[in-house]
Amino acid sequence: MAQPATEPAQNASAPPRERPEAVPSTGTPEAAAEAATGLDMVLVDAARGPLRRLVPPAGTALRFGSSLARRPGTVARRAGELAGELGRITTGRSELAPGKKDKRFADPAWSGNPLLKRAMQLHLATARTAWELIEDADLDWQDDERIRFTATNLVDALAPSNVPFLNPLALKATIDTGGRNVVEGVRRLVSDLTAPPRVPSMVEPDAFTVGEDLAVSPGAVVFRTPVFELIQYRPTTEKIRSLPLVMVPPTINKYYITDLAPGRSIVEHYVAAGQQVFMISWRNPDERHADWDLDTYGQALLDAMDVVERITGQEQVAVQAFCSGGIITAMVLAHLAAIGRQGRVRAASFAVTVLDWSKAGTVSALMDPEAVEAATERSRKKGYLDGAQLAEVFAWLRPNDLIWNYWVNNYLQGKPPPNFDILFWNADTTRMSAGLHRDFIDVAVRNALTEPGEVSMLGSPVDLSAVTVDTYATAGVADHLCPWQACYRTTQLLGGESRFVLSTSGHIASLVNPPGNPKSTFQVAESTPPDPNAWMEAAETVKGSWWPDFMTWLGDRSGEEIDAPTELGGNGLDVLAEAPGTYVFDK
């Protein structure tokens with residue numbers, strides 16, 4: 001159940017749950033970046049359209065109404081409290097104020113202008129009453145999440161900051177530009193509505209260029225199949241670790257979340273630390289690839305491992321997988337264990353990966369049989385699930401950060417959105433084959449990875465407890481897509497020794513967390529007990545990024561140092577293209 005509010009009068013527009021301090025302030029590019037795409041978004045797809053998600057299932061609405069009907073005294077008390085607050089607002093005696101991190105009402109006019117102040121306070125008072133009634137209803141966790149999702153979208157949409165003639169930023173822009181902001185805002189609105197995802201643009205389409213600004217770590221494509229390209233990165237040290245690392249990115253969006261701008265690139269850091277790095281770059285599938293499923297991607301990972309072993313002459317590899325790539329990787333490890341080949345993998349890392357979906361958060365709660373059936377049928381007919389359609393639904397999961405913040409900036413003020421590399425990557429969506437989409441949904445809905453033999457990979461029953469390789473798992477303390485407690489449960493499903501690291505920030509910023517950021521910290525403990533809260537109590541906070549910690553952990557399992565190769569590829573494998581390859585440019 002939800003936790004009680006923290007200082008509700010000071011942050012009445014937020015749902016009454018304590019929000020982690022690591023959540024970026026609303027209205028910043030960093031805040032929007034926290035909502036970048038994860039596997040969970042696949043499960044809340046565009047099958048029925050985003051606006052349908054604003055209406056809770058009939059059963060949830062009935063249970064909510066019935067619960068409140070059984071508490072007439074509580075409802076009357078809340079109504080009385082709201083009426084009293086409205087009276088104080090009208091007479092100018094209300095002390096309601098937005099939270100310090102609520103950037104919607106940061107302009108001094110919201111507190112200095114009597115009309116604007118009353119409009120803001122009316123919104124805050126109404127929102128607070130809505131959250132209190134949801135608390136009073138005392139619903140089970142799934143209905144609670146569904147009602148909160150609906151209420152959040154409605155409350156955020158009705159904020160006075162979204163109204164052109166009330167928002168002081170819009171009024172000032174109109175005066176300063178002589179009305180040109182209105183013309184530019186309408187132009188941007190029309191442009192955004194003409195094509196999916198039909199939400200305000202979070203970054204200009206020409207803000208960055210892949211291969212010039214992003215994904216610039218030197219390397220080459222040394223292997224290509226219809227499913228993926230394999231990139232080998234050029235060493236920048238004279239000595240390298242003998243054990244090669246194979247990186248498995250998510251199957252939605254492009255791989256270069258691991259290779260953003262110089263100084264913010266995971267790949268760059270690993271290579272500079274003397275690690276041999278190989279990257280899988282997934283192809284952007286279309287209707288021709290509808291049958292690609294979990295087995296297809298599992299075999300692709302095995303094919304990549306074969307090539308890496310051939311090039312390096314090593315019999316073992318390390319694997320690091322991200323989000324949905326971690327699901328594929330875990331299942332492949334279980335397959336290798338089942339056929340007696342688990343020794344091929346010396347160590348494995350899972351970043352923001354959920355393998356146990358029990359109570360995994362808002363997105364899991366929003367699933368229902370009708371939505372699942374509609375989602376699967378839609379992708380089956382098209383042959384794929386469109387990333388742009390997913391992005392539209394996903395934006396409504398974080399309306400203040402992903403809708404209304406840019407509504408004010410782009411349309412009311414007529415300004416271009418700020419350039420931010422993560423948001424550019426987030427907008428560079430890819431499709432998901434119908435087969436993979438179907439399999440992911442099936443695994444998640446049945447929570448199949450938690451029960452041995454409930455699902456198979458390449459003909460082998462998946463038993464994650466049989467995976468005994470050492471693992472390193474990371475999560476973000478403010479991750480709303482893959483809650484850290486859900487990521488932590490990965491350590492309990494796998495059979496080997498695990499190290500769990502809890503980074504600052506959320507889903508993406510917990511990954512793109514380069515050394516040198518004075519605000520960065522991570523938490524780590526010596527053991528991983530069954531209860532994540534017990535782990536948290538024992539964990540110590542370490543200043544800095546987890547990247548060096550992971551390099552140290554992997555280095556202890558990477559064998560001796562050897563001379564770095566002077567050429568890429570080899571052993572009959574030629575360079576096919578310079579990094580970032582060709583598949584990364586597929587639209």
Side-chain angles (χ1 to χ4, degrees), residues 29-30 33 36-38 202-225 227-236 244-273 275-285 300-301 304 307-308 319-325 349 351-352 387 391 418-431 507-516 545 547 550 568-569 575-587:
E30 289 80 2
T37 307
M202 287 178 266
V203 66
E204 296 283 52
D206 58 353
F208 299 93
T209 301
V210 175
E212 296 181 11
D213 308 303
L214 308 175
V216 297
S217 292
V221 175
V222 293
F223 187 70
R224 179 184 294 129
T225 76
V227 181
F228 73 99
E229 290 181 328
L230 183 67
I231 299 172
Q232 180 184 11
Y233 289 99
R234 192 175 302 281
T236 58
L245 174 66
V246 181
M247 300 183 73
V248 187
T251 50
I252 293 183
N253 293 87
K254 307 294 178 63
Y255 81 87
Y256 62 87
I257 187 60
T258 62
D259 189 23
L260 287 174
R264 289 168 50 79
S265 166
I266 299 173
V267 168
E268 177 189 52
H269 180 82
Y270 290 0
V271 172
Q275 183 63 52
Q276 292 191 75
V277 179
F278 291 79
M279 176 70 67
I280 290 176
S281 174
W282 301 116
R283 185 176 190 172
N284 190 2
L301 175 53
V307 173
V308 170
V319 181
Q320 184 175 39
F322 298 79
C323 199
S324 60
S349 173
V352 292
N419 294 336
F420 192 50
D421 52 9
I422 292 178
L423 293 182
F424 182 86
W425 165 83
N426 189 49
D428 194 3
T429 59
T430 64
R431 294 172 290 275
H507 191 69
I508 298 302
S510 68
L511 302 177
V512 185
N513 188 14
S545 165
W547 295 2
F550 175 62
L568 301 183
V575 169
L576 303 178
E578 292 298 311
T582 60
Y583 284 175
V584 73
F585 295 108
D586 288 349
K587 297 297 183 182

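A distance of 9.0 Å separates OG of S324 from CH2 of W282, quoted to the nearest 0.5 Å. Here the straight-line distance linking atom CD1 of I257 with atom CD1 of I266 works out to 7.0 Å at 0.5 Å rounding. Annotation: the span from F585 atom CZ to N284 atom CG amounts to 13.5 Å, rounded to 0.5 Å. The CG atom of L568 lies 4.0 Å from the CZ atom of R234; values are rounded to the nearest 0.5 Å. Between the OH atom of Y256 and the CZ atom of F208 there is a distance of 9.5 Å, given to the nearest 0.5 Å. Remark: I231 CD1 to R224 CZ distance equals 10.0 Å, nearest 0.5 Å.
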Worked verdict on F278 versus V307 for side chain to side chain contact (heavy atoms under 4.5 Å, CB included): CA-CA 10 Å; F278 291 79; V307 173; over 6 Å; no

Give the intermediate values and the outcome of side chain to side chain contact (heavy atoms under 4.5 Å, CB included) for residues V308 and L230. CA-CA 9 Å; V308 170; L230 183 67; 3.9 Å; yes

Evaluate side chain to side chain contact (heavy atoms under 4.5 Å, CB included) for F322 paired with T258, printing each intermediate quantity in order. CA-CA 9 Å; F322 298 79; T258 62; 3.8 Å; yes

Given side chain to side chain contact (heavy atoms under 4.5 Å, CB included), test F420 with V203 step by step and report yes or no. CA-CA 7 Å; F420 192 50; V203 66; 5.7 Å; no

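A donor-acceptor pair under 3.5 Å is absent between the side-chain atoms of R431 and the main chain of I252, judged by distance alone. For the pair E229 (side chain) and G581 (backbone), a donor-acceptor distance under 3.5 Å is absent. Without hydrogens or angle criteria, T429 side chain to N253 main chain gives no donor-acceptor distance under 3.5 Å. No donor-acceptor distance shorter than 3.5 angstrom exists from the side chain of N513 to the backbone of A509, with no hydrogens or angles considered. The backbone N or O of G263 sits less than 3.5 Å from a side-chain atom of E268, completing a donor-acceptor pair. Looking at Q232, its side chain does come within 3.5 Å of a backbone N or O of G569 through a donor-acceptor pair. Looking at D428, its side chain never comes within 3.5 Å of a backbone N or O of K254 through a donor-acceptor pair. Proximity of a side-chain donor or acceptor of S281 to a complementary backbone N or O of Y583 within less than 3.5 Å is not detected.
In this structure the side chain of I280 reaches within 4.5 angstrom of the side chain of L301, judged on heavy atoms. For the pair N419 and F424, the minimum side-chain heavy-atom distance is 4.5 Å or more. Side-chain atoms of V352 and S510, non-hydrogen and from C-beta on, do get closer than 4.5 Å to each other. The side-chain heavy atoms of C323 and H507, taken from C-beta on, include a pair separated by under 4.5 Å. At a threshold of 4.5 Å between non-hydrogen side-chain atoms, the residues P580 and D259 do not count as touching.
The shortest heavy-atom contact between A215 and Y255 is CB-OH, 3.9 Å. Q275 and P244 get closest at one heavy-atom pair: NE2-C, 4.0 Å. Taking each heavy atom of T251 and T430 in turn, the nearest pair found is O-OG1, 3.8 Å. Scanning all heavy atoms of the two residues, the minimum distance from V277 to M247 falls at CG1-SD, 3.6 Å.
Aromatic ring pairs are classed by plane angle as parallel below 30°, tilted from 30° to 60° and perpendicular above 60°; the pair H269 and W547 is tilted.
Checked against the 6.0 Å centroid threshold, Y270 and F550 count as a close aromatic pair.
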